[in-house]
Protein chains: 4
Amino acid sequence: MSRKRREKRDPQQRRAEILAAAFALFAERGFAATRMEDVAARAGIAKGTVYLHFPDKERLFTELASGVASPILGEIEELARNEATPPRAALSMFYALFRRDVLETERRHLLRLILAEGPIFPGVAEFYHREIISRGLGVLRILLARAASRGDLRNPAIAEVPQLVIAPALTSIIWTTLFERYEHLDTGKLFDVFLDTLFLPEGDAR
Amino acid sequence: MSRKRREKRDPQQRRAEILAAAFALFAERGFAATRMEDVAARAGIAKGTVYLHFPDKERLFTELASGVASPILGEIEELARNEATPPRAALSMFYALFRRDVLETERRHLLRLILAEGPIFPGVAEFYHREIISRGLGVLRILLARAASRGDLRNPAIAEVPQLVIAPALTSIIWTTLFERYEHLDTGKLFDVFLDTLFLPEGDAR
Amino acid sequence: MSRKRREKRDPQQRRAEILAAAFALFAERGFAATRMEDVAARAGIAKGTVYLHFPDKERLFTELASGVASPILGEIEELARNEATPPRAALSMFYALFRRDVLETERRHLLRLILAEGPIFPGVAEFYHREIISRGLGVLRILLARAASRGDLRNPAIAEVPQLVIAPALTSIIWTTLFERYEHLDTGKLFDVFLDTLFLPEGDAR
Amino acid sequence: MSRKRREKRDPQQRRAEILAAAFALFAERGFAATRMEDVAARAGIAKGTVYLHFPDKERLFTELASGVASPILGEIEELARNEATPPRAALSMFYALFRRDVLETERRHLLRLILAEGPIFPGVAEFYHREIISRGLGVLRILLARAASRGDLRNPAIAEVPQLVIAPALTSIIWTTLFERYEHLDTGKLFDVFLDTLFLPEGDAR
DNA sequence: CATGAATGAGGATTCATTCAT
DNA sequence: TATGAATGAATCCTCATTCAT
């Protein structure tokens, strides 16, 4: 009896295809509303095959959430390490990378997903805090401290609450995924105005 | 077979109890993972009784989402209307009310809920933009414009991107619902430092 | 607290109103698809009130089915008792009464209902057999025997299978309630042609 | 937890088994009183499996109602087409086939089902008229016309009301499903006497 | 490895019936 | 008596997961 049977594939590639399909669907519909069958269909494979790569739906989600961590962080850490880079330039670069690699790609939905489903999957939130947020805040603290010591900041206390620097980024994610269709937000301006608020104009010593 | 007591109640009160129960559960688990039976149980009534007040789960959710809109907005609009109120005091009050009425109540889960279910219930996102976000930004624009014209702002351009003022609030919600258990965030300081960054120190004219 | 409360009514009349409402709905939708609440609404009373008159839905149905027995039977029995009435005239009268009192009134649905739901409510079928069918066949046997002995019948054996005389009546019920909308049936002709088939032309002796 | 054996089966056969189970239950209890779970149990499969073959209960019913159309009709149409067959023999064969294939099988409940659910599923009644009744009457008209032209009929007008020929069949169904337990009906005799009433004795020219 | 038919626990919704007012 | 809010058993349908092929 002839049976349709896909070519065997490199497991890593197959796995990636499943993750990609799952990502698209989770992002669009959320965790609960996504059916494993749809993930399989979108990946072009049979239902059962998904289970050869992921033990269950929850693990598919958490591996997805953990796996797409952006390389932005690495680039920023490098920038920050180089003391020659002016802090404002580093932050500016951070926002630019964020826009290019997250906000303007499908990855922005991933962040929404984590924010949305995070509390239900504590492992995911924990992973995000440890791998992304904590490291990011670390870099920001260094950058802001350096900026403060250079006298670049309008309010040096900012260095104590680096979450404020993340705020516009989170807000841009939320806005673009939820409200953009009702009212446009110019994210470039958002970040620029924010930087202008944080930093004293160049050559302006107080 | 023992039968629970039938307690008749004022319909408005009963309805409010159901909404409260539903809110707690939706906020905790999300839409899909909340069972109508649990809502009923938490409201202290039988399964069928929920359906005397809401035609189905979806309507329970959407009425809920529309109903918990905070009265903060009204208070702020009033403050802003009064030209005697210094803009910074108004914003300070806004954050204080936000902390008291949202961040420190179960209402803080609302944003997450909208973030999670928004794509599935577009009406909810639309409602939030129209009734909350849009009105909120309107008030902020007025306040910021007034502050700018008074020379209170370090960077008057802020008035053009009032979303920046909302950003710390959104961030505080996300932090407290997702990461607070891993790392504490002092939201009072968050808002204070932000205001200090926005506004020139009192009596400081540029 | 003022409470809407219908005038007290003659219980017999109230009961009749409920039966009428139930009849209309059962006839239209069948037993299962009829809700007690709709019966009450149609009778202009509250849900609970129905239960003051009928212990449950099944009894409402069976009392209905038993209660609307037509007075046709009595009239026919009287006709048959009178030996002066020619058998053919008696049968002709029977069909005429059937058309006027059943086929062309809402009662035709009642019959359909009994045929349809009968096997599920054996009490109803039993009642119908005992009170209607059995008595009807009794009369028919007498009439057909008399006709046979008078030499009126083309096939005297008919007297042994009086169900044949009921057949066109049942068929007319089924046709008018199920197929009339797709293809018209002239029931007057149906019965006339049938009588012409049963009986020899007048004055024709074999 | 013991798990029943998963038996894979030819889809066509599985489908047929489900239809058979559903038919038995619908016929016995009617549409509303039949539970999908019982259908599955009777077919020897799990609840969910039914839904792999039919999208919902309604479709199961309507496909069923359309599917059990008897092959009788085809056989009769063939008989009628052959002009050599004496009309009386053809009708006799029709009743014989009807007894064998409908009256003495579970199919006899079909009429009751249509009678009961017709108003709720108008498509079913329409289907029956179009596919069964209309075609059947067509054949009967041809047969009766031929019989009339050959001078076989006691009353040639019968050809104008072929429903009369169906009447004993319908009556036999109703009797056997409703009243047989209270009073026996000899259906063989029913049809024979009817044919003797319709047709002149052989060799008897009027 | 891959398939997809089969499974059955789970959850939304309905509605006959009850009973406090 | 009459009311209608409240109850909860009953039933349809979904979908994550399994496993024979």
Side-chain angles (χ1 to χ4, degrees), chain A residues 1 3-9 11 14 32-41 45-58 60, chain B residues 1 3-11 14 32-40 45-58 60, chain C residues 1 3-9 11 14 32-41 45-58 60, chain D residues 1 3-11 14 32-40 45-58 60:
Chain A
M1 203 179 298
R3 188 173 271 280
K4 197 168 34 171
R5 185 182 290 259
R6 257 181 176 275
E7 305 305 300
K8 229 186 291 181
R9 258 182 187 298
R14 176 55 56 84
T34 295
R35 291 153 62 228
M36 289 298 266
E37 183 157 11
D38 294 338
V39 172
I45 57 179
K47 233 182 316 176
T49 306
V50 178
Y51 288 88
L52 298 176
H53 296 267
F54 300 90
D56 56 33
K57 192 182 178 185
E58 186 163 338
L60 176 57
Chain B
M1 206 175 297
R3 203 173 258 280
K4 218 190 285 186
R5 176 111 73 271
R6 287 144 196 279
E7 291 193 58
K8 222 172 262 187
R9 252 209 188 337
D10 174 54
R14 181 48 63 82
T34 295
R35 291 155 59 231
M36 289 298 266
E37 185 156 12
D38 292 340
V39 172
I45 57 181
K47 237 180 318 173
T49 306
V50 178
Y51 289 88
L52 298 177
H53 298 267
F54 300 91
D56 54 32
K57 193 181 177 185
E58 186 164 336
L60 174 58
Chain C
M1 200 179 300
R3 186 174 273 279
K4 197 168 31 168
R5 184 181 292 258
R6 254 174 182 278
E7 306 303 301
K8 228 185 293 181
R9 258 184 187 298
R14 177 53 57 85
T34 295
R35 290 155 62 227
M36 289 297 267
E37 183 156 13
D38 293 338
V39 172
I45 58 181
K47 234 182 316 179
T49 306
V50 177
Y51 287 87
L52 299 176
H53 297 266
F54 300 91
D56 56 33
K57 192 183 177 186
E58 186 164 337
L60 176 58
Chain D
M1 206 176 297
R3 203 174 259 278
K4 218 192 286 189
R5 178 110 72 270
R6 289 143 195 278
E7 291 193 57
K8 224 171 259 186
R9 251 205 186 340
D10 174 55
R14 182 47 65 83
T34 295
R35 289 156 58 233
M36 288 299 267
E37 187 156 10
D38 292 339
V39 172
I45 57 181
K47 236 181 321 174
T49 306
V50 178
Y51 290 88
L52 297 178
H53 297 267
F54 300 91
D56 55 33
K57 193 182 177 184
E58 186 164 335
L60 175 57

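Here is the naming used below: chain letters follow the sequence lines, and residue numbers restart at 1 for every chain.
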(request) Mind listing the closest non-hydrogen atom pair of C:Ala32 and D:Ala32 along with its distance? (result) CB-CB, 3.1 Å
(message) Between the base of E:dG10 and the side chain of D:Lys47, is there a donor and acceptor pair under 3.5 angstrom?
(response) yes
(message) Quick one, A:Leu60 and A:His53 - any side-chain contact, counting heavy atoms below 4.5 Å?
(response) no
(message) Measure OH/A:Tyr51 against P/E:dC1 and give the value in whole Å, please.
(response) 19 Å
(request) Measure from the side-chain heavy atoms of D:Ala46 and tell me the nearest of E:dT13, E:dT7, E:dT3. (result) E:dT7
(request) Give the dot-bracket string for DNA chain F, reading 5' to 3', where a pair is Watson-Crick or G-U wobble with both distances under 3.5 Å, ( ) marks pairs inside the strand, [ ] marks pairs crossing earlier ones, | marks a partner on another strand, and . marks unpaired. (result) .||||||||||||||||||||
(message) Measure CG/C:Asp38 against P/F:dG4 and give the value in whole Å, please.
(response) 15 Å
(request) With DNA chain E as reference, determine whether B:Lys57 or A:Gly48 sits nearer its 5' end, using the nearest nucleotide of each. (result) A:Gly48
(request) Take the protein atom CD of C:Glu58 and the nucleotide atom C1' of E:dT17, then report the distance between them rounded to whole Å. (result) 14 Å
(request) Supply the atom-to-atom distance A:Phe54 CZ to A:Leu52 CG, rounded to the nearest 0.5 angstrom. (result) 11.0 Å
(message) Between B:Val50 and D:Ala33, which residue's closest nucleotide on DNA chain F lies nearer the 5′ terminus?
(response) B:Val50
(message) Taking only side-chain N and O atoms of D:Thr49, does any of them lie within less than 4.0 angstrom of OP1 or OP2 on E:dA5?
(response) no
(request) Check side chain to side chain donor-acceptor pair (under 3.5 Å) between C:Asp56 and all other residues, then give those that pass, not counting sequence neighbours. (result) none
(message) Whole angstroms only, please: what is the NE2-P distance between D:His53 and E:dA5?
(response) 8 Å
(message) What's the separation between atom CG in D:Asp38 and atom NZ in D:Lys47, rounded to the nearest 0.5 Å?
(response) 11.0 Å
(request) Let me know the distance between CD of B:Glu37 and P of F:dA6, rounded to the nearest Å. (result) 17 Å
(request) Pick the P atom in E:dC1 and in F:dT21, then give their distance to the nearest Å. (result) 22 Å
(request) Measure from the side-chain N and O atoms of C:Lys57 to the backbone N and O of C:Arg35, and report whether any donor-acceptor pair falls under 3.5 Å. (result) no
(request) Quickly work out the C:Leu52 CG to F:dA2 P distance and round it to whole Å. (result) 6 Å
(request) Select one nucleotide: of F:dT7, F:dA2, E:dA16, the one nearest the side-chain heavy atoms of C:Arg14. (result) F:dA2
(request) Calculate, to the nearest 0.5 Å, the distance between atoms CZ and OG1 belonging to A:Arg14 and A:Thr49 respectively. (result) 6.5 Å
(message) What is the separation between atom CG on D:Asp56 and atom C1' on F:dT11, rounded to the nearest whole Å?
(response) 14 Å
(message) Rounded to whole Å, how long is the line connecting atom CZ of B:Arg35 with atom P of E:dA12?
(response) 7 Å
